[in-house]
Structures are given as structure tokens and as C-alpha cells.
Amino acid sequence: MTRKQIGLVLLGLAYSLSNTTGIAQKVKDIERRYKAGVRLLQVGDYDKARTELQPVMQQGGSYAPFAYYYHADASYRQKRYAAARTTLKELIDRFPGWLKKEEGYYLAAAAAYEQSLYDEGLSYTQLITEPDLRTDVDKMEQTFLPRIGDLNRLKALQKQYPQNKTLARTLVDLIQRTSSDKDDLELSDRLSNRFGISPEPVPVSQPPVSRAAEPNVPASQPAPVVRTDRVKTKGYINVGVLFPFRINRFSVSERNRSNQYVYDLYEGMKLAKAKLMTEGITVNLFAYDIDNDADQTLDVLNNASFAQNDLLIGPLYTEPNRLVAAFALQNDIPLVNPIATTRELISNQPNAYLAQPSTTQQAIQTASFVKDLLTNRKAIVYFGASRKDSLLASAYQAALKVQGFQVIEFKRLTGKATAMAASMKVTEEQKPGHVFLASSNNDDGPALLEALSRKNISAPLVATYPAFDYFRNSLSTFTRRELYLIAPEFIDRERSATEGFQEMYLAKRNIIPSTFAAQGYDMLLFFGRQLARGNMKVKPLLRTEESDEYVLSGFDYTRSNDNQLVPIIKFDGSRFVKVN
């Protein structure tokens, strides 16, 4: 039985339960809400799905365990892994004899692995015995377990779960790649003999896996002409997309592709291509499978037809990007990085663009916004545990000083609210005009709000968008203090452009589009139009003129090749709105 069939059996079995004559109206209502919740889940409306399923869970009865499962599934699909794990634990505790409990084990393991809780994930997968599910378990663990780079941790897990072959293979591979210790090598030999593990073959440099053109690519390519005239001469635009598609590892049945964002970006571009066609702009998309491999990248660049591209998007890794940037500069081809926020990628590269505003640009625009908003020129700057957080905080500190601000405290701050408050040296008497938080951890935002209250600091908070969990946090989190969020990824769901894009994407893919899909759509829409109009050489024209046609906030390259549009949002009592 396949995974899809298992899901259908789950759904069909649940639908048939409690369907007896003379059923009470209350039970009928539970059945109605259950079915409505499942339908909403299927079309990607996860918040409403959970709302419908919640009372079914609370009422108990034959539908309840299925409602728990699908409630957790909705959370998982929104990447609310902690919430999914909590719901599944309740399911397992309340219904230990549930017929489909191994499905619950699988989803709980997947959610744990997503949060790098490998011990918890393994504790669930070892309970799964159904053969078809075991196949999926093996694929899932082959995806997640190799992410463990700590040899001692991997050895401890293998000792705790000695029957897990995937774990053993992962440990053998890591030992062979990183260790010369005699005991480690002996352990590798023992595990290899026990599980019949063969050494991994040494990779050989291969040509790119795919260069899949979409149907309207001309049969023959014209000879090179002057770049500024090429698009008009040809009448179409060739776009090379250099992403780590990893076609050789692609599986339709794989649930947890680490590079799913790549496919989302590309799906968004395909919709933009169709939109541009209605405007009389013909775009040919060429997909190049470029991973973090310099030799593979050189193979692509050495292909004579590659220079016929009019626009390059990617690669996403540093060394391949360096090689492609040099090629793009030499051949006068615009190069766009879709997700990077590192300004070094466009330094001394007049052909290279950042689709997302860099860390430096975010800091500059935010400092300018705060200067216009507040008269108090004292600031506190805090940051979270990641390198990205500290880089943004440092850039913001520098931008504040340029604007004439005094930074009275600058430090890393993470953990619980009590610990944050204890480590703060600033008091209300020093009257900071605002507090800044750069954090990628959505626990840090609410914790800092509480810590500031404990210290009686009432100044506005300016924070990064990922510092909060917008599904888990209550509305009071966003209203009890003046709060502004730096949100390059912000999508206003009530705008007509967003609604139209979601309808198109849902009709084609049958799922709600991710932020990456919107980014891919906007990016190709913008640069495709600029190339068609001949604007790429005229900086004052390189900005969105009608932002309502874009799902995100648009683009502005009038002063540099770093996108200067940095959305800052605020909660207005019912929803988040842009304030700059």
C-alpha cells in the first residue's frame, strides 16, 4: 500500500465511523465539522482546518483520533513543528489503541527531525513496523540523519538505537570522511560487517543533470549579437535558472525535501512566465541543476549555448556563484541572486543584483525610518544566537551612528524572559528612544517584550519578522507595546495582487503558495519586464512602477544593485500593514 493509499484509507475509514441511523444532531455536527476540516486541509487552508477540527478533538468519540492527526498535519504543513509534536503526543497518549497509530508515529518523527530532535524522532520510528511505512521511514531518515555533523552525538545515538541501519550507515560515512582514530575505524568496520554496508563510491564529475527547456524554445539559437539589442533582435528572453534541483535524488514520494524552496521558487517563475506571455513578452526558462560543486558549474559554463541566456538566476552557493558572476560580467548578462542577503555578492559586480534587500540595506532603511519616527536618539540593540542575527545587529548599530543615534547597550540576548531581564544593564531612567532586536528565533520576540516590561522600559520595539510566531502568539503580543517589524518576506493577503496570485497557484498546484513561490513570481515578472523594455542599462528606471502587480513589496535598484525596498510592518488591531 502506498503512502497516498494509506492516507485515503485513513480518510475513508474515518468518514465511515459513527455513520449509523438515528445519530444525534450533536454527533452529526461533529461529523460535519470533521469533514469540513479535512476538506480545508486538502485545499491548504490550514488555520481554518484546525479551527474546524478542534471541537471534534475535544468531544472525543470515533472521529477524535483522526481529528487529532489532521490537526497536527495542518500544523506540520505550516512548519509549526512544535505544535504538531504536542498534538501528536496527545493523540498517542489519549488513543494508544488507535488503528492507525503508526501514521501518528511517522508524522511525529518527521516533526521532531525538522527541529533536529533526532533522539525523539528515532524513538518514534523504531515503533513503526508496517512494511510500506518502513520504506518511507528509511527515506526520511536518509534525508535527516546525515545532517548530524557531531561524531560523538552520532555514536551515542547509534549505541542507543543499535538496530537502525540508516543510523549505522550515517555513522560509518561520517567516520570514513572525518576520523582517523583507530577506535572509530574499528567501529566503522564492525557496523559495516554487521549491516552489510558497502563504502560510498567516490563521486565523479558529471555534466549537469538537466537542462530542461520549456516547450517554446526555438529549434536553433542565433549567433551572439550586442547585448543591449539581443532581446529585441530575438523577440524572446532566455532565462537560465541555476538551482540545486538535485534531480538525481528527486523522489515524488519524498515528504521532506530540504530543497523544496527551490521548487517553490521555480513554480513561481513558471507562473510569471505565463503572465509575461499575456503582455507579449516571451520567456524561455532553462533549468540547470547546480549544487555546491565548482566542477559541475564549470561544465555548464563551458557549454557554448549557455552564453545565449539573457538573464541568469542563481546559483545559491558561494563558489558556484563566484564562477557564474565572473562569466556574467564577461558576457554582459544580468545575474540575480533570489534569496541571499550578503552584499559581497554584488560588490564590484555591476551585472549582479540581490532580489532581497541585503542585511546592510535592511539596517540602513530601518535606521532612516526610526529617525523620521522618533526624536529620542538613544537606542538599545539586542541580537539572537545566530550569525545572521549578529551581522544585522552590527549593521544596524553602524547605521544608527551615521544617523546620529547613541547606542547605549549592544549585546546578545536570548533565552527566557527572566534571564533576558537579568542581563539588561539599561534602565528606564536612561530613556532609550527605541529597542532593536535581530533574531531568527520566534521565541525571542515575546521573551524580550516580557523582559522589557520587567525592567519598566516602555520604548517602542523594532524587530525582525522571524522573532515572533504569528500563529502561536496571542494578539496582545503585538498590541501591548508599539511594535514594528522588518519584514522583506511580508505578504499582504488582502491585496488584489496576492489574491490573484494565490488563485492562479492553487489552480495549478492545488496547494497554497509559499513565500518562496511569491518571490520567484515577482522576481521573473520584474526582470523580464525590464529586459523587454531595455531598462537594464538605465538605473533610474529599475524600480517597480505599479507595485500592486507584485505579491511582495517590489524592487528598487535606482541607487545600487541592492534592492532598496525594505518593508516595515505594524499590527493595526486586525492585521499587519506596511507603515513605510
What verdict does the side chain to side chain donor-acceptor pair (under 3.5 Å) test give for Glu494 and Thr498, after you've listed the backbone C-alpha separation in whole Å, the side-chain angles of each residue and the deciding distance to 0.1 Å? CA-CA 7 Å; Glu494 296 190 10; Thr498 305; over 6 Å; no
Do we see a donor-acceptor contact under 3.5 Å between the side chains of Ser439 and Asn441? no
Run Asn284 and Asn238 through side chain to side chain donor-acceptor pair (under 3.5 Å) and show every step you take. CA-CA 5 Å; Asn284 302 317; Asn238 288 339; 3.0 Å; yes
How far apart are the C-alpha atoms of Gln260 and Asp264, what are their side-chain angles, what is the distance that settles it, and do they pass the side chain to side chain donor-acceptor pair (under 3.5 Å) test? CA-CA 6 Å; Gln260 181 60 47; Asp264 290 351; 3.1 Å; yes
Are more than 12 heavy atoms from other residues, nucleotides or ligands located less than 6.0 Å from atom CG of Asn348? no
Separation of Thr464 OG1 from Ile486 CD1 (nearest 0.5 Å): 6.5 Å
Please say whether more than 12 non-hydrogen atoms of neighbouring residues, nucleotides or ligands are located less than 6.0 Å from NZ in Lys508. yes
So, Asn337 side chain and Ala340 main chain: donor-acceptor pair closer than 3.5 Å or not? yes
Minimal non-hydrogen separation, Ile281 against Ala532, with atom names: CD1-CB, 3.7 Å
What heavy-atom pair brings Pro315 and Ile290 nearest, and what distance separates the two atoms? CB-CG2, 4.0 Å
Apply the test side-chain contact (heavy atoms from CB on, under 4.5 Å) to residues Leu437 and Val462: give CA-CA distance (whole Å), side-chain angles for both, the deciding distance (0.1 Å), then the verdict. CA-CA 6 Å; Leu437 172 66; Val462 180; over 6 Å; no
Verdict with supporting geometry, Tyr81 and Tyr113, ring-ring contact (aromatic ring centres under 6.0 Å, His included): CA-CA 9 Å; Tyr81 304 121; Tyr113 285 142; over 10 Å; no
How many angstroms lie between OH in Tyr317 and CG in Asn292, if you round to the nearest 0.5 Å? 6.0 Å
Is the gap between the ring centers of Phe436 and Phe383 under 6.0 Å? no
Verify the neighbour count for atom NZ of Lys48: are there more than 12 heavy atoms of other residues, nucleotides or ligands below 6.0 Å? no
May I have the step-by-step check of salt bridge (Lys or Arg N to Asp or Glu O under 4.0 Å) for Asp572 and Lys578, ending in yes or no? CA-CA 10 Å; Asp572 71 351; Lys578 284 175 58 178; over 6 Å; no
Could you tell me if Thr515 and Gln519 have a donor-acceptor pair between their side chains, going purely by distance under 3.5 Å? no
Check for me whether the distance between the ring centres of Phe243 and Tyr288 falls short of 6.0 Å. no
Salt bridge check: are Glu267 and Arg509 linked by an N-O gap of less than 4.0 Å? yes
Can we say Asp73 and Arg77 salt-bridge, meaning some charged N sits less than 4.0 Å from an Asp/Glu carboxylate O? yes
Phe527 ring center near Tyr353 ring center (under 6.0 Å): yes
Spatial distance of atom CG (Asn351) from atom CG (Asn561) [nearest 0.5 Å]: 8.0 Å
Nearest 0.5 angstrom please: Asn580 CG to Ser553 OG, how far? 8.0 Å
Any side-chain donor near an acceptor of the partner, Thr125 and Glu141, under 3.5 Å: yes
Check whether the ring centres of Phe245 and Tyr266 lie less than 6.0 Å apart, and answer yes or no. yes
How far apart are the C-alpha atoms of Asp289 and Arg246, what are their side-chain angles, what is the distance that settles it, and do they pass the salt bridge (Lys or Arg N to Asp or Glu O under 4.0 Å) test? CA-CA 6 Å; Asp289 196 358; Arg246 299 169 187 163; over 6 Å; no
Donor-acceptor pair, Asn442 side chain versus Pro466 backbone, under 3.5 Å? no
Measure from the ring center of Phe286 to the ring center of Phe306 and say whether it is less than 6.0 Å. no
Looking at the rings of Phe478 and Tyr470, which for Trp means the six-membered one, are their centres under 6.0 Å apart? yes
Return yes when atom CZ of Arg387 has more than 12 non-hydrogen atoms of other residues, nucleotides or ligands closer than 6.0 Å, and no otherwise. no
Verify, without hydrogens or angle tests, whether Gln349 (side chain) and Leu329 (backbone) share a donor-acceptor contact under 3.5 angstrom. no
Roughly how far, to the nearest 0.5 Å, is the CZ atom of Phe144 from the OG1 atom of Thr170? 13.0 Å
Residues Asn563, Asp556; criterion side chain to side chain donor-acceptor pair (under 3.5 Å); working and verdict: CA-CA 5 Å; Asn563 189 1; Asp556 181 357; over 6 Å; no
Should the pair Arg529-Glu549 be classified as a salt bridge under the 4.0 Å nitrogen-to-oxygen rule? yes
Give a yes or no answer on whether the side chain of Tyr465 reaches the backbone of Ile568 with a donor-acceptor pair at less than 3.5 Å. no
Is there a donor-acceptor pair closer than 3.5 Å between any side-chain N or O of Ser358 and the backbone N or O of Leu354? no
In Å and rounded to the nearest 0.5 Å, what is the NZ to OG1 distance from Lys371 to Thr366? 14.5 Å
Using a strict cut-off of less than 4.0 Å between a Lys/Arg side-chain nitrogen and an Asp/Glu carboxylate oxygen, indicate whether Glu499 and Arg493 qualify as a salt bridge. no
Going by atom types alone, do Ser386 and Asp389 pair a side-chain donor with an acceptor below 3.5 Å? yes
Could you walk me through whether Arg575 and Asp492 pass the salt bridge (Lys or Arg N to Asp or Glu O under 4.0 Å) check? CA-CA 9 Å; Arg575 66 189 185 96; Asp492 187 343; 2.8 Å; yes
Give a yes or no on whether the backbone of Phe501 and the side-chain of Tyr521 come within a donor-acceptor separation of less than 3.5 Å. no
